[in-house]
Structures are given as C-alpha cells and as structure tokens.
K.L.:
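Take a look at the following structure, please.
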Amino acid sequence: MSTSQSNVSLSFEVFPPNSHVATKKLFGTLQELQDLQPHFISVTCSNRESRIEETTVRIADYLQNDLRIPSIAHLPASYLSKEQVTAIISKIEKAGIKRVLALRGDYLDGVEAKTDFVYANDLVHYIKTLAPNLEIFGACYPEVHPDSENRVTDIKHLKKKVDAGCNQLISQLFFDNNMFYQFKEGCELAEINVPILAGIMPIVNRQQALRLIKVSDSHLPKKFLAILEKYEHNPIALRDAGLAYAIDQIVDLVTQGVAGIHLYTMNQAETARHIHGATESLFLNN
C-alpha cells in the first residue's frame with residue numbers, strides 16, 4: 001500500500017514485551033508489518049520510566065532506521081520528570097524519530113507518580129519547548145476518559161492538549177462507530193480541528209474478549225456481544241467473526257470520511273495482514 005495515494009492513513013500499534021524471547025519475536029513481527037507499508041507504527045510504553053529508553057525508544061529506533069517505517073514513541077506524563085523527558089527527547093531526535101505520542105498514562109498500583117507533568121497537555125507544552133519540530137500526537141476517548149466527569153469536561157481538556165501543540169489525535173479503541181461520530185461532532189463544536197485517527201482492535205480470541213469485558217468501559221453493541229456468545233466455544237469462528245466485525249467498522253469509518261485507522265495489533269502480524277488484505281482498496285482509491 002502506498003500512503004502517498006491515500007487520503008486515509010492506516011497505522012499500527014505494538015507494545016514492548018516483557019521477555020527477551022518475546023522481544024525477539026516482536027522484531028520478526030515488525031519485519032512482516034513492513035511489507036504492509038503502514039503510514040507509521042506506534043510503540044507503547046509500560047509507564048515505568050526506567051525502561052522507556054531500552055524498550056520503547058529502542059523499538060521505535062529500529063522501525064525508523066532499520067525498517068524505514070515512520071515510528072511514534074509513547075511518553076507517559078505521570079511517570080517522567082523534566083530531566084528524563086529532556087534526555088529521552090534528545091535520544092529520539094538523534095535517532096531521527098520525528099513523532100511522539102504524549103499521554104498522561106495509567107496510574108500504577110504501588111508506583112508513585114511524578115509531579116512535573118500533571119496532565120498530558122503539560123507534557124505536550126514541554127516537548128514543544130524542547131523540540132518544536134517534533135510532531136506530537138495525543139490520545140482521545142470517544143466514550144469519555146474514565147477520570148472525566150462528562151463528555152463536555154473531557155473535550156475541554158482535550159482542547160487544552162491540542163492548543164498546547166498536539167498535531168493529531170489517536171482514539172482509544174471502540175466498538176460502536178456511532179460513539180466515535182458523536183465524539184467527532186463534539187470536537188468540531190469545540191473547534192478541535194486536528195486529524196483524529198480511529199483506534200480499532202480486532203477481537204480474535206476468547207481470552208482477549210473476556211479481558212476486554214472486564215477492564216474496558218467501551219460500549220459493547222448487541223451485535224458484538226452476540227458474536228462473543230455464539231462462538232464462545234468455537235475459537236476459529238470467533239476469530240473470523242471478530243476480524244469481520246473490525247473490517248465492517250473500518251469500511252463504515254472510511255466511508256464516513258475518517259482521517260485514519262490506527263490498528264491495535266496486539267503484536268500479531270497475521271491479524272494486521274488479514275485486515276490490510278480485506279481493506280487495502282479503501283485506502284488506495286478513496
């Protein structure tokens with residue numbers, strides 16, 4: 001897929017594994033994703049500041065310089081000091097990485113948060129002063145951030161983040177496209193005019209589905225719940241139905257003029273390849 005031919009971007013997200021073996025496997029996965037020519041690949045972080053440079057930045061460096069895929073390194077505001085951010089941004093710029101994703105990050109039990117950056121917009125502003133040419137992405141929540149009082153308050157906070165210097169936004173995963181469209185309307189009313197990429201996570205196994213239901217605040221439509229119930233004990237059918245559901249979401253989003261699709265791959269190249277194969281023409285010919 002040549003992104004130069006497409007008005008809608010297709011990007012992927014991966015996460016640094018916790019073991020050497022899994023990390024080695026991830027590098028093989030990234031080589032497979034290279035064939036799909038994504039617009040970029042983002043690399044998450046564990047929120048543990050001591051590992052960001054050896055995991056997130058290292059993988060982003062490999063993508064950018066070995067595979068020649070534009071990369072985005074995630075940085076969590078809650079667990080970084082100004083000194084740490086300065087050092088990380090310096091390494092990012094030396095590696096030729098041109099994009100970062102600045103987010104508050106989830107609070108971790110037993111890990112004390114830093115106080116230099118209370119909100120993501122504080123981190124965005126600081127990065128802009130350090131490296132004004134870096135493109136900064138921000139996270140957004142179509143179904144309201146779990147710590148926000150309501151949608152209005154949430155969008156006001158998002159507006160501050162964009163005004164601080166966010167160039168684009170990537171949404172949290174969702175399974176009801178209407179929620180995304182309502183969120184976009186709210187952003188337009190608030191004059192948030194940057195591109196918003198839709199985050200899509202294909203559900204391909206029962207364990208993943210159960211974990212999602214337990215921890216996610218996402219609205220699960222009846223159609224989605226019916227798939228989980230009907231194919232609970234049929235892993236192959238559940239995988240196929242989960243992929244088909246994600247493809248239907250993507251087709252609808254592209255038809256409605258979404259700026260881009262950001263696929264949460266869960267480090268599975270096969271999932272990304274299947275989605276890409278089923279939707280490639282949408283990105284080439286719109």
Side-chain angles (χ1 to χ4, degrees), residues 11-18 40-60 71-92 97 99-131 134-149 153-174 194 196-197 199 201 211-212 214-218 262 264-267:
S11 55
F12 304 136
E13 180 168 295
V14 298
F15 62 88
N18 293 322
F40 63 83
I41 294 179
S42 69
V43 187
T44 69
C45 58
S46 66
N47 282 8
R48 298 186 183 278
E49 74 282 355
S50 61
R51 301 194 68 231
I52 289 176
E53 293 180 56
E54 66 185 72
T55 56
T56 300
V57 176
R58 175 190 170 207
I59 294 169
S71 64
I72 296 181
H74 291 214
L75 299 179
S78 299
Y79 292 95
L80 292 171
S81 67
K82 289 183 178 180
E83 291 77 12
Q84 289 164 330
V85 171
T86 300
I88 292 170
I89 292 298
S90 177
K91 286 195 174 184
I92 283 173
I97 298 167
R99 301 172 175 89
V100 295
L101 189 150
L103 66 168
R104 190 199 71 180
D106 297 327
Y107 291 128
L108 303 175
D109 291 337
V111 182
E112 186 175 355
K114 298 284 197 303
T115 59
D116 286 5
F117 308 106
V118 178
Y119 301 109
N121 60 282
D122 299 324
L123 178 59
V124 171
H125 183 268
Y126 187 70
I127 292 173
K128 274 295 180 184
T129 64
L130 288 176
L134 274 183
E135 186 175 2
I136 303 178
F137 285 63
C140 61
Y141 291 76
E143 300 178 61
V144 183
H145 191 284
D147 292 339
S148 288
E149 297 176 9
T153 301
D154 194 35
I155 289 181
K156 284 182 178 179
H157 286 305
L158 185 62
K159 173 68 171 172
K160 289 181 180 179
K161 188 157 52 176
V162 172
D163 289 346
C166 272
N167 306 101
Q168 295 194 49
L169 298 170
I170 299 177
S171 89
Q172 176 64 279
L173 62 91
F174 59 91
V194 299
I196 303 175
L197 311 185
M201 177 184 285
R211 184 170 60 248
L212 173 75
K214 182 178 180 180
V215 304
S216 175
D217 293 324
S218 298
H262 189 61
Y264 295 102
T265 68
M266 301 304 291
N267 292 3

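None of these values were measured; they are calculated from a predicted model.
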K.L.:
Search all heavy atoms of A60 against all heavy atoms of S71 and return the closest pair with its distance.
P.N.:
O-OG, 2.9 Å
K.L.:
Which atoms form the tightest heavy-atom contact between E13 and T44, and what is the distance?
P.N.:
OE2-CG2, 3.2 Å
K.L.:
Say you draw a straight line from SG of C140 to CD1 of I196; how long is it, rounded to the nearest 0.5 Å?
P.N.:
5.5 Å
K.L.:
With a 4.5 Å cut-off on side-chain heavy atoms, are V57 and I52 touching?
P.N.:
yes
K.L.:
Between S148 and Y141, is any side-chain donor less than 3.5 angstrom from a side-chain acceptor?
P.N.:
no
K.L.:
Got a second to check how far E143's CD is from Q172's CD, nearest 0.5 Å?
P.N.:
9.0 Å
K.L.:
Can you find a pair of side-chain heavy atoms, one from C45 and one from L75, that are under 4.5 Å apart?
P.N.:
no
K.L.:
Any idea which heavy atoms bring I127 and A102 closest together, and the distance?
P.N.:
CD1-CB, 4.2 Å
K.L.:
Please check if the number of heavy atoms outside K160 that lie under 6.0 Å from its NZ is greater than 12.
P.N.:
no
K.L.:
Indicate yes or no: at least one non-hydrogen side-chain atom of V43 is less than 4.5 angstrom from one of F15.
P.N.:
no
K.L.:
Distance alone, cut at 3.5 Å: any donor-acceptor contact between the side chains of T86 and E83?
P.N.:
no
K.L.:
When you look at V85 and D116, which way does the side chain to side chain contact (heavy atoms under 4.5 Å, CB included) test go after all the steps?
P.N.:
CA-CA 10 Å; V85 171; D116 286 5; over 6 Å; no
K.L.:
Is the F40-F137 ring centre distance short of 6.0 angstrom?
P.N.:
yes
K.L.:
Report yes if the side chains of I41 and I72 come closer than 4.5 Å at any heavy-atom pair, otherwise no.
P.N.:
no
K.L.:
Atom OH of Y264 and atom OG of S42: how far apart are they, to the nearest 0.5 Å?
P.N.:
7.5 Å
K.L.:
Side chains of K128 and I136: does their closest heavy-atom pair fall under 4.5 Å?
P.N.:
yes
K.L.:
Return the minimal non-hydrogen interatomic distance between P16 and T55, and the atom names on each side.
P.N.:
CB-CB, 3.7 Å
K.L.:
Report the C-alpha distance between I170 and L101 in whole Å, list the side-chain angles of each, state the deciding distance to 0.1 Å, and finish with yes or no for side chain to side chain contact (heavy atoms under 4.5 Å, CB included).
P.N.:
CA-CA 9 Å; I170 299 177; L101 189 150; 3.7 Å; yes
K.L.:
Heavy-atom distance under 4.5 Å between the side chains of Q84 and E53, does that happen here?
P.N.:
no
K.L.:
Rounded to the nearest 0.5 Å, what's the gap from SG on C166 to NE2 on H125? Could you check?
P.N.:
12.5 Å
K.L.:
With side chains defined as the heavy atoms from C-beta onward, is the minimum distance between M266 and M201 less than 4.5 Å?
P.N.:
yes
K.L.:
When the ring planes of F117 and Y126 are compared, do they come out parallel, tilted or perpendicular, using 30° and 60° as the limits?
P.N.:
tilted
K.L.:
Would one find more than 12 heavy atoms of other residues, nucleotides or ligands at under 6.0 Å from atom NZ of K91?
P.N.:
no
K.L.:
Return yes if a side-chain donor-acceptor contact under 3.5 Å exists between S11 and H262, otherwise no.
P.N.:
yes
K.L.:
Can you tell me how far the CG atom of N121 sits from the CZ atom of R104, to the nearest 0.5 Å?
P.N.:
12.0 Å
K.L.:
Is there a donor-acceptor contact under 3.5 Å from the side chain of K159 to the main chain of D154?
P.N.:
no
K.L.:
Nearest 0.5 Å, what's the CG-NZ distance between L123 and K114?
P.N.:
13.0 Å
K.L.:
Do L173 and S218 make a side-chain contact, defined as non-hydrogen atoms from C-beta onward lying under 4.5 Å apart?
P.N.:
yes
